[in-house]
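Chain A is the first sequence line, chain B the second, and so forth, proteins listed ahead of strands; every chain is numbered from 1.
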Amino acid sequence: MNLLERMTERIDTRIQKLTARYLDEIFGADLASDEISVQKTRKEFAGDRTVVCFPLTRHSKLAPEATGEALGAAMVGGTDWLVGFNVVKGFLNLEVERGVWADWLAGDAAKADYGIAPAGSAPQIMVEYSSPNTNKPLHLGHLRNNFLGHSVSRILEAAGHDVVKVQIINDRGIHICKSMVAWSVMGGGETPQSTGEKGDHFVGRYYVAFDKAFRAEVAELVEGGMPKEEAEKLAPIQIAAQDSLKRWEAGDKDTVALWKKMNGWVYEGFEQTYKAMGVDFDKLYYESDTYLVGRDKVLKGVENGVFTRRQDGSIWVDLSDNGLDEKLLLRSNGTTVYMTQDIGTAILRFEDYPALDRQVYTVGNEQEYHFKALFFVLKKLGFDAAGKNHHLSYGMVELPEGKMKSREGKVVDADDLMAEMFDVAERIATESGKLSELDAQERQDVFHKVGLGALKYFLLKVDPAKGMLFDPKASIDFIGNTAPFIQFNYVRGRSILRKAEAEKLAAADSATCAQPGDDEMELVHLLYTMPDVISEAAASYNPGLVANWCYDLTKSFSSYYQEHQILGADTAPERALRLMLTARFTEAIKKGFHMLGIEMPERM
RNA sequence: GACUCUGUAGCUCAACUGGAUAGAGCACCUCACUACGGAUGAGGAGGUUGAGGGUUCGAAUCCUUCCAGGGUCGCCA
């Protein structure tokens, strides 16, 4: 192995290759090196990396222990960088020479882009998230959605993908018409400016007002002897909303003007919320622009015989070959449904971005069936070569009182929750008294990073596939497995590094620093796994893997920090090593948090 | 009813995708330290991984049957 290889090739890869080579030399087994399972040695055993021998016995024709012994002896004998081995059951534990780790710490691991794949080294991916309706403010469910989509985008970027962040804004339909009707009838000309309300909350208030009026009317009709179902159809305000939608579709000038005005208020409000959340988008799609495209494609599909038109004029797709049933694509009255606009949006996107390799939809798991159907329909239309579309499905955020439903009013508002987080951060930070040298603006910045970080981390550390419980009173903590704990350790590390720099004590290179000892190795191993964590998180669209890795790494650093003086090390080489570890830790954790969309404060 | 996801410590979550004695945090108990930033560290207690059966060197993970919960099931989005 030449020096260049030694510097750049991952240690696990080297071990795999070496195992494959000796497997061939000793047992005559021809095995691809990536078929060999190498993992971190558990801390109760001696060694650094472990080769699992059970699967190799098929080739060696020996017991797992004997296989491990033979391979271990050959591998250690055949290299200068493996210095020892032991076999426990069928696990071959290999000890890597500490100098190799020291080289790695000062070399590969020290590069600014360590763990990060070069931009554009992987195909272009579009990630959709947020995608709100424009009739009410964002709530807790949107927070999980936005944080998830944004973080997955960052992770995919780190894995080398060119990522396009988008959302589809559901700006038309009966929901916004309801707010419009309520405002026309009851608004008396007031505006967000006149009431000082945030635009999305303002419009949301009229949506609630509509619902209240609607219920009252239905109750009155039922009182008069009408069946409930009929009453819900005939309530005057409901009819007004339907009329409003019809006029909108017909392009009625006044209706469209009102629609634009009210959506504009909502967008101003959303803008603020997105800014507070720290998420952004590269391109926005509006349902009002895409639903007609979808209708066109559906009608063309009928011409091409992909879809069928029924007697009543409605259009359907038959997905029974795919294990689903028939789905409606266009109503008998010619109006579009949810599916129709999604077809249009998807096709538009592939046209807008010809190089697009994949689309990821961040949408709750209650829509799994919908996306399954959508992807099959796109396939029928020729827009889904295997795996071009992926539904990043996530579980509901539940409240202690039960599942939250916006209609029942049991919602945790996104703006309120974030504001509350900032307040808690402010209270705790003020108690600690570490921010006295910062000015007011800088302090606000810290509260924001810590409060928002705590919230994001709480929502992101859980596997997206799982539903999660959110207790507003008890959920968010600043100690334990939380963002503030991780940020706090970052700040401690940075503080030391600043001091070291001031005293010109920064770690130089592997030649001037001590080799890592047993106490350092856990931290080294965790740092070493970063690239694997990123690629796994990217492959499974799971920020939770990054979050938990950040926590493990931090816990290890925190423990090390407690037991060892870094600046006060006994010898200069020892201090250089500790400083180097501290530097690697702060760099790694900052990158990890960047992937979660969480910023690091320098003080807190 | 059909399909689908989920079920791990009192609570909230992990477990490198089939690997070694299932790990953390919170809460509870004990301890450490002028502390390079205490939003700390070390330890204890807490488990039949919903239940049964199967597959194999090896199962929380795969198959199967139950049980419990969430979600979805043609003109809502």
Side-chain angles (χ1 to χ4, degrees), chain A residues 37-42 44-45 50 52-55 57 63-64 88-91 93 131 133 170 173-175 287 310 312 314-317 323-333 335-339 341-342 364-370 372-373 393 395-396 398 403 425 428-429 431-434 450 458 461-463 465-471 474-475 477-482 484-489 491-500 529 532-533 536 539-540 544-545 547-549 551-552 555 558-569 575 578 582 603-604:
Chain A
S37 163
V38 177
Q39 49 190 261
K40 184 187 162 206
T41 302
R42 293 179 67 113
E44 56 268 37
F45 302 101
T50 296
V52 183
C53 295
F54 298 100
T57 55
V88 180
K89 294 196 196 167
F91 298 91
N93 302 320
S131 303
N133 289 350
N170 302 300
I174 194 74
H175 54 272
E287 187 187 333
R310 286 191 185 164
D312 63 4
S314 59
I315 295 175
W316 296 76
V317 60
L324 307 180
D325 39 27
E326 290 181 289
K327 288 286 284 184
L328 178 80
L329 298 180
L330 213 57
R331 294 192 190 102
S332 48
N333 65 8
T335 56
T336 60
V337 291
Y338 184 39
M339 185 66 82
Q341 65 104 347
D342 267 3
N365 63 8
E366 76 274 14
Q367 294 193 29
E368 263 163 23
Y369 187 85
H370 169 78
K372 225 180 253 179
S393 167
M396 287 287 127
E398 288 181 51
K403 185 175 177 277
I428 294 176
E431 278 168 17
S432 85
K434 290 284 180 190
V450 174
F458 183 83
K461 74 178 174 190
V462 182
D463 183 343
K466 294 188 177 177
M468 62 183 298
L469 185 76
F470 182 85
D471 182 345
S475 281
D477 219 332
F478 283 62
I479 52 179
N481 187 0
T482 65
F485 170 75
I486 294 168
Q487 289 169 321
F488 168 70
N489 278 284
V491 166
R492 289 207 290 202
R494 289 290 304 152
S495 173
I496 290 169
L497 292 170
R498 274 195 304 270
K499 266 189 191 143
T529 57
D532 303 325
V533 170
E536 264 171 52
S540 57
L545 299 178
N548 285 308
W549 173 78
Y551 177 61
D552 288 340
K555 212 159 29 118
S558 186
S559 173
Y560 183 80
Y561 172 95
Q562 191 77 12
E563 305 292 329
H564 303 80
Q565 287 284 314
I566 291 167
L567 292 172
R575 184 176 57 211
R578 292 177 184 184
T582 305
R603 291 162 215 278
M604 64 188 278

Subject >> Among B/rA32, B/rA15, B/rG37, the nucleotide that comes nearest once only the side chain of A/Ser432 is considered >> reply: B/rG37

Subject >> Any A/Arg42 side-chain nitrogen or oxygen under 4.0 Å from OP1 or OP2 of B/rG23 >> reply: yes

Subject >> Euclidean distance, atom CD1 of residue A/Ile496 to atom P of B/rU40 [Å, nearest integer] >> reply: 16 Å

Original post:
Whom does B/rA24 pair with, Watson-Crick or G-U wobble, provided both distances fall under 3.5 Å?
Top reply: B/rU12

**OP:** Identify which one of A/Val337, A/Val317, A/Thr336 satisfies the side chain to side chain contact (heavy atoms under 4.5 Å, CB included) criterion when paired with A/Leu329.
**Re:** A/Val317

Original post:
So do the side chains of A/Tyr369 and A/Leu324 get within less than 4.5 Å of each other, counting heavy atoms only?
Top reply: yes

Subject >> Under 3.5 Å donor-acceptor, A/Ser314 side chain and A/Arg310 backbone >> reply: no

Subject >> Length of the line joining A/Phe458:CZ and B/rU12:C1', which is rounded to integer Å >> reply: 7 Å

Original post:
Between atom CG in A/Asn481 and atom C1' in B/rA15, what is the gap in whole Å?
Top reply: 14 Å

Subject >> Under 3.5 Å donor-acceptor, A/Thr582 side chain and A/Arg578 backbone >> reply: yes

Subject >> Ring centroids of A/Phe54 and B/rC57 base under 5.5 Å with planes under 30° >> reply: yes

Subject >> For B/rC36, the Watson-Crick or wobble counterpart (both distances under 3.5 Å) >> reply: none

Subject >> Pairing nucleotide - B/rC57, Watson-Crick or G-U, each distance under 3.5 Å >> reply: B/rG19

Original post:
In whole angstroms, how far is the P atom of B/rA15 from the CH2 atom of A/Trp549?
Top reply: 16 Å

Subject >> Distance-only donor-acceptor test (3.5 Å): side chain A/Thr50, base B/rA20 >> reply: yes

Original post:
Picking from B/rG37, B/rC36, B/rC26, which would you name as closest to the side chain of A/Ile479?
Top reply: B/rC26

Original post:
Do the side chains of A/Lys434 and A/Arg603 get nearer than 4.5 Å, heavy atoms only?
Top reply: no

**OP:** When you get a sec, tell me which of B/rA39, B/rA14, B/rU21 is the closest nucleotide to the side chain of A/Val462?
**Re:** B/rA14

Subject >> Short side-chain N/O contact from A/Ser558 to OP1 or OP2 of B/rG41, under 4.0 Å >> reply: yes

**OP:** Could you state the atom-to-atom distance from NE2 of A/His564 to C1' of B/rU40 in whole Å?
**Re:** 16 Å

**OP:** Look through every strand shown and name the nucleotide pairing with B/rU64 as Watson-Crick or G-U wobble, where both distances are under 3.5 Å.
**Re:** B/rG52

Original post:
Rounding to a whole Å, what distance do you find between A/Glu536:CD and B/rA14:C1'?
Top reply: 14 Å

**OP:** Provide, to the nearest angstrom, the distance between the CZ atom belonging to A/Phe485 and the C1' atom belonging to B/rU40.
**Re:** 8 Å

**OP:** Check for a donor-acceptor pair, side chain of A/Lys499 on one end and backbone N or O of A/Leu567 on the other, with a separation under 3.5 Å.
**Re:** no

**OP:** Output the single nucleotide from B/rG19, B/rG25, B/rG37 whose closest atom is nearest the side chain of A/Arg492.
**Re:** B/rG37

Subject >> Check: A/Phe478 ring centre within less than 6.0 Å of A/Phe488 ring centre >> reply: no

Original post:
Can a donor-acceptor pair be found between the side chains of A/Arg42 and A/Thr50 at a distance below 3.5 Å?
Top reply: no

Subject >> Candidate nucleotides B/rA39, B/rG41, B/rA24, ranked by approach to the side chain of A/Ile428 - the nearest >> reply: B/rA39

**OP:** Evaluate the ring planes of A/His370 and A/Tyr338, with Trp represented by its six-membered ring, and classify them as parallel (under 30°), tilted (30 to 60°) or perpendicular (over 60°).
**Re:** parallel

**OP:** For residues A/Thr482 and A/Ile479, report the shortest heavy-atom separation together with the two atoms involved.
**Re:** CG2-O, 3.1 Å

Original post:
Which residue lies toward the 5' end of RNA chain B, A/Asn489 or A/Val52, if each is placed at its nearest nucleotide?
Top reply: A/Val52

**OP:** Check whether any side-chain nitrogen or oxygen of A/Lys372 sits under 4.0 Å from OP1 or OP2 of B/rC3, and answer yes or no.
**Re:** no

Original post:
Would you say the side chain of A/Asp477 and the base of B/rA39 hold a donor-acceptor pair, judged only by whether the two atoms sit under 3.5 Å apart?
Top reply: no

Original post:
In the structure shown, which nucleotide is the Watson-Crick or G-U wobble counterpart of B/rU72, with both distances under 3.5 Å?
Top reply: B/rA2

Original post:
Looking only at side chains, do A/His175 and A/Asn170 share a donor and an acceptor under 3.5 Å apart?
Top reply: no

Hey, what are the protein-to-nucleotides 73-75 of chain B N/O distances that come in under 3.5 Å?
residue	atom	partner	partner atom	Å
B/rC75	O3'	A/Arg331	NE	3.2
B/rC75	O2'	A/Arg331	NE	2.3
B/rC75	O2	A/Ser332	N	3.4
B/rC75	N4	A/Asp312	OD2	3.2

Original post:
From the list B/rA20, B/rG37, B/rU40, which nucleotide is the closest neighbour of the side chain of A/Phe91?
Top reply: B/rA20

**OP:** Using heavy atoms to find the nearest nucleotide of RNA chain B for A/Thr41 and A/Gln341 separately, return the residue whose nucleotide is more 5′.
**Re:** A/Thr41

**OP:** If B/rA42 has a Watson-Crick or G-U wobble mate with both distances under 3.5 Å, name it; if not, just say none.
**Re:** B/rU30

Subject >> Nearest-angstrom distance from the residue atom CZ of A/Phe488 to P of B/rC36 >> reply: 11 Å

Original post:
Is the glycosidic angle of B/rU30 within 90° of 0, making it syn, or outside that range, making it anti?
Top reply: anti

Original post:
B/rA20 base stacked by A/Phe45? Criteria: ring centres under 5.5 Å, plane angle under 30°.
Top reply: yes

Subject >> Between B/rG47 and B/rA14 - C1' atom distance, rounded Å >> reply: 15 Å

N/O to N/O distances under 3.5 Å, protein versus nucleotides 5-7 of chain B:
residue	atom	partner	partner atom	Å
B/rG7	OP1	A/Lys466	NZ	3.1

